[in-house]
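Working notes, structure below.
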Amino acid sequence: MGWDAFGLPAEQYAIKTGQHPRVTTEKNIDRFRTQLQSLGFSYDWSREVSTTDPEYFRWTQWIFLQLYNSWLNPLTNRAEPISTYAGNDPDSVRLAFVSDRPVNWCPELGTVLANEEVVDGRSEVGGFPVERRPMRQWMLRITAYSERLISDLDGLDWPDSIKQLQRNWIGRSEGAEVRFQIEGSDAEVTVFTTRPDTLFGATYIVLAPEHALVGDLTSPEQREAVNAYKKSCSSKSDLERTVLAKEKTGVYLGSSAINPVNGEKIPVWIADYVLTGYGTGAIMAVPAHDERDHDFAVTFNLPIIEVVRSADPSRTQNQANVQTCFSGEGIAVNSPLLEGLPTSEAKKKIILWLEERGFGRGTITYKLRDWLFSRQRYWGEPFPIVWEDGTHRPLSHEELPVEPPEMQDFKPTGTSEPPLSKATEWVRYSETARRELNTMPQWAGSCWYYLRYCDPSNKDRFISKEAESYWMGSGGKPGGVDLYVGGTEHAVLHLLYARFWHKVLFDLGHLTTPEPFQKLVNQGMILGDDGQKMSKSRGNVVNPDEVVSEYGADALRLYEMFMGPLEHGKPWSMTGVEGVYRFLARVWRLAMTEDQEGNWVVSDDLAEQELTGTQRRVLHATIKKVTQDIESLAFNTAISQMMICTNEFTGANPRPIGALRILLPLLSPFAPHLCEEIWSRLAGRFPNSGFMGLASQSSWPNWNEEYLVVDEITYAVQINGKVRGHLTVATSADRMNIEKSALADTSVQALLEGKEVKKVIVVPSRLVNIVVAD
RNA sequence: GGCGGUGUAGUCCAACGGCAGAGACAAGCGACUUAAAAUCGCUCCAGUGUGGGUUCGAGUCCCACCACCGCUACCA
């Protein structure tokens, strides 16, 4: 069990209640722990960790230093110590680096947020507006791993949907960079496009408002308008720039670019529909074949030139005019070099042409951005970094952990200065050096907890070699953790970050697998009884404590597993809980009965007694199904089978006690409290019948296939796929015999009257299908 | 708009391409009880979202559409 207890929610709660986050965090952990323990989960509490424990975050900080002190060598495509970097600007390649870039600043929370924490221009926590603001921040160079983060998904046993989410998030796209000379200037603009085949249809260039060349390319007469536009963009939130922006906006810069393929002069604009962080922050606009460019061209009355025609003739009609936009693939037209070529070939040809002449090159870009890794908060891991003379340097491993200072007032300062700036004593590292004031985001500690579980109290390493190879070693599979059960909400955040860190640690030789999690299963969300997400405002929240006190932990556990498939979201139903509660009561009464004083005693119906054939078959079928269903996480059907088994024995008198010796261990993972209670009572009453120790620790029962066979099997007899009768034959009957018996059956004979039997299909143990023609 | 998932009795859900029902909830009837609760037993209920296709045979595979849920979204 691990407590991911640093971070915004914990700090917000502390501020709200006016307590120190350490206090509220500890309280909440204690309460949570009690709650979990009341459910009887089999966590190994000796491996409990908390990300806020200095002995834990010592290693979080250590891992940060690993990142800081390494780079991704493009030749090996591996992280290596920064000492192997031969260039003169190590900070430009470090995996942890400082950057002055526009970030998502949330004034309400007083902190910056990662892209992933901003939803529709608002903070994921609290839903406050977020604005763009340039600030000096720590970043992690996750983009260096884009390609490996995509390709290594192939070896993982994850649901396709999650793999797809990660692929989309990383957003690999192949295309080309094309360089446009600016008329009457040495300057050139490089654009990124996935459709270099449409180069002849480019009718203008658009730069992001924040593009570095905007100033240089603005003509004197346009300067005022351009500055005004830039200003209006910078004050807009992402929400206003994207979701709320119905009309395209932009301003002409007053200069022209020269299209390298045909020497045409085309105007250069800025517009906020071009994003600064993606590709080169500049595009060539092809309004005939891109919806966004088309909208823009229509708004500003810019020319539209068709250069791709759909191969589908029904669309060609629409293409006769350029009022509509066709963004699909087709045949190149109006493009001298590419005339008549299908899109994929046109792309190849034009890229080659551009590369030969030095006008551009084929390239790949990713949507994935570097990971903004600093927060202006108190309640997080401090960076093991100090600043001196305007440069940063790492602390040594001996100086870890760097603990946050004791502070009474840890609220945001209201400016971009982090709260730690108020701890002046702490900030002062030496005469000349000051500590880094930012703290790490919540994701930091949760990126590697699964590694610490393997070796939770190691003082010398984050995980010992031995523990790593024992727990994470995976028999040739790329992933370390055998099974990871989690919700979809972590698909592109936690799971991507953890994979990144894991790969860096793998590259540096600290781990033996390239991936953290081999098999991943998404459990569905439990909804309120109205089928809606549980929330206080809807008033449909089910409190587990109340369920436990009313029906017991076993009923809650059993019901959660009985509701339906693990992966499905499903509504909570109190009557459903009562149903499994009744089942548990039936199991109880298999062994127990009430005496005249109303006390529960071991039932007199129990006896050392041979099982009947049917009982033995049901019991072994139950062992088999429960064993297999647990393996495939199909708990609902495992429980159903145990209900069948229980029902089979409910009416039996005498009841063979051997059945309970098998059923209780099967049920104990689901309803441990009840099973142990019965087990121990039976042990008292039948000391020599094998009820030793704990039910949960007794050996798992084996089933015997021989006991599952029946003497006779009833076949359905179909004629042309419709069931016309039934036929019971000995289990030993072979295919020929079954076919013969089916055809000989009198009712079948009657139906076959005057028809020709073309084929007879016998499905073993199931049915016979007689195919006839009239 | 894009990607993914799910549609089966009144409800939650089962069903290696092989007789649509394992289990449960709810409902009804009966037994037990002075009565009720609890318990036990029995019964009722759908042809699988819609339309095509493949097949001897489709809830299951393929195509299109509809509905709901989740994620994502000016990424050139």
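Chain A is the first sequence line, chain B the second, and so forth, proteins listed ahead of strands; every chain is numbered from 1.
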Q.
One character per nucleotide, please: for nucleotides 13-19 of chain B, 5' to 3', B when the base has a protein heavy atom closer than 4.0 Å, S when only the sugar-phosphate does, - otherwise.
A. SS---BB

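If you take atom C1' in rG1(B) and the same atom in rA15(B), they sit 37 Å apart, rounded to whole Å. For the C1' atoms, the distance from rU39(B) to rU33(B) is 11 Å, rounded to whole Å. As rounded to the nearest Å, rC13(B) and rG59(B) have C1' atoms that lie 14 Å from one another. Nucleotides rA26(B) and rU34(B) place their P atoms 27 Å apart, quoted to the nearest Å. Across the C1' atoms, rA14(B) and rC32(B) are found 33 Å apart, a figure rounded to whole Å. One P atom belongs to rC42(B), the other to rC25(B), and the distance between them is 14 Å to the nearest Å. Taking atom C1' in both rG17(B) and rC61(B), one finds a spacing of 8 Å when rounded to whole Å. Going from the P atom of rU72(B) to that of rC45(B) covers 46 Å, rounded to whole Å.
Ring geometry for Phe300(A) against Trp269(A) counts as tilted: the plane angle lies between 30° and 60°, on a 0 to 90° scale. Classified by interplanar angle (parallel below 30°, tilted 30° to 60°, perpendicular above 60°), the ring pair Phe296(A)/Tyr273(A) is tilted.
Residue Lys163(A) contributes atom NZ, which lies 20 Å from atom C1' of rU72(B) at whole-angstrom precision. Atoms CG (Leu165(A)) and C1' (rG2(B)) sit 12 Å apart, rounded to a whole Å. Taking atom NZ on Lys367(A) and atom C1' on rA76(B), their separation rounds to 12 Å, with Å as the unit. Between Glu291(A) atom CD and rG1(B) atom C1' there is a gap of 9 Å when expressed in whole angstrom units. In this structure, Tyr278(A) places its OH atom 3 Å from P of rA76(B), rounding to the nearest Å. Whole-Å rounding puts the Ile162(A) CD1 to rU72(B) P distance at 11 Å. rA73(B) atom P lies 13 Å from atom CG of Leu368(A), rounded to whole Å. Note: NZ (Lys722(A)) to C1' (rA58(B)) measures 14 Å, nearest angstrom.
Donor-acceptor pairing under 3.5 Å is recorded for the side chains of Glu147(A) and Tyr366(A). Judged purely by distance below 3.5 Å, without hydrogens or angles, the side chains of Glu712(A) and Thr728(A) never pair a donor atom with an acceptor atom. For the 3.5 Å distance criterion, the side chains of Thr637(A) and Asp629(A) qualify, holding a donor opposite an acceptor.
Heavy atoms from other residues, nucleotides or ligands lying under 6.0 Å from NZ of Lys519(A) number 12 at most.
Leu496(A) CG to Leu153(A) CG: the interatomic distance, rounded to the nearest 0.5 Å, is 8.5 Å. Going from atom CG of Leu558(A) over to atom CZ of Phe670(A) covers 7.5 Å, rounded to the nearest 0.5 Å. Considering CZ of Phe583(A) and CG of Leu674(A), their distance stands at 9.0 Å, rounded to 0.5 Å. If you take NE2 on His289(A) and OG1 on Thr198(A), they are separated by 7.0 Å, rounding to the nearest 0.5 Å.
Exactly one residue among Tyr551(A), Phe635(A), Trp572(A) makes a ring pair (Phe, Tyr, Trp, His ring centres under 6.0 Å) with Tyr559(A). That residue is Trp572(A).
Using a 4.0 Å cut-off between charged nitrogen and carboxylate oxygen, Asp154(A) and Arg167(A) count as a salt-bridge pair. Ion pairing between a basic and an acidic side chain is recognised when a charged N comes within 4.0 Å of a carboxylate O; Lys624(A) and Glu705(A) show such pairing. For the pair Glu174(A) and Arg172(A), the salt-bridge criterion is met [side-chain N within less than 4.0 Å of a carboxylate O].
Residue-level contact check: Thr575(A) touches the backbone only, with heavy atoms under 4.0 Å from sugar-phosphate atoms and none from bases. Base engagement by Ile283(A) is indicated by at least one non-hydrogen atom pair under 4.0 Å involving a base atom. Counting any heavy atom pair closer than 4.0 Å across all strands shown, Ser640(A) reaches a base atom. Using a 4.0 Å heavy-atom distance criterion, Ser573(A) is classed as making no nucleic acid contact.
For a distance-only test at 3.5 Å, the side chain of Lys758(A) fails to qualify as a donor-acceptor partner of the base of rC56(B).
Nearest-nucleotide mapping onto RNA chain B: of Asn647(A) and Gly279(A), the residue sitting toward the 5' end is Asn647(A).
Which of rA22(B), rC3(B), rA76(B) sits closest to the side chain of Val274(A) comes down to rA76(B). Distances were taken from every side-chain heavy atom of Leu275(A) (C-beta onward) to each of rA76(B), rA22(B), rC56(B); the shortest belongs to rA76(B).
Anti is the conformation of rG4(B), whose glycosidic angle sits further than 90° from 0.
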Please write out the pairs of protein N or O atoms and N or O atoms of nucleotides 31-40 of chain B separated by less than 3.5 Å, giving the distance to one decimal.
| residue | atom | partner | partner atom | Å |
| --- | --- | --- | --- | --- |
| rU39(B) | O3' | Arg589(A) | NH2 | 2.8 |
| rC40(B) | OP1 | Arg589(A) | NH2 | 3.1 |

Q: Determine which bases of RNA chain B form Watson-Crick or G-U wobble pairs with both distances under 3.5 Å, and write the result as a 5' to 3' dot-bracket string with | for other-strand partners.
A: (((((((..((((....[..).))).(((((.......))))).....(((((..]....))))))))))))....

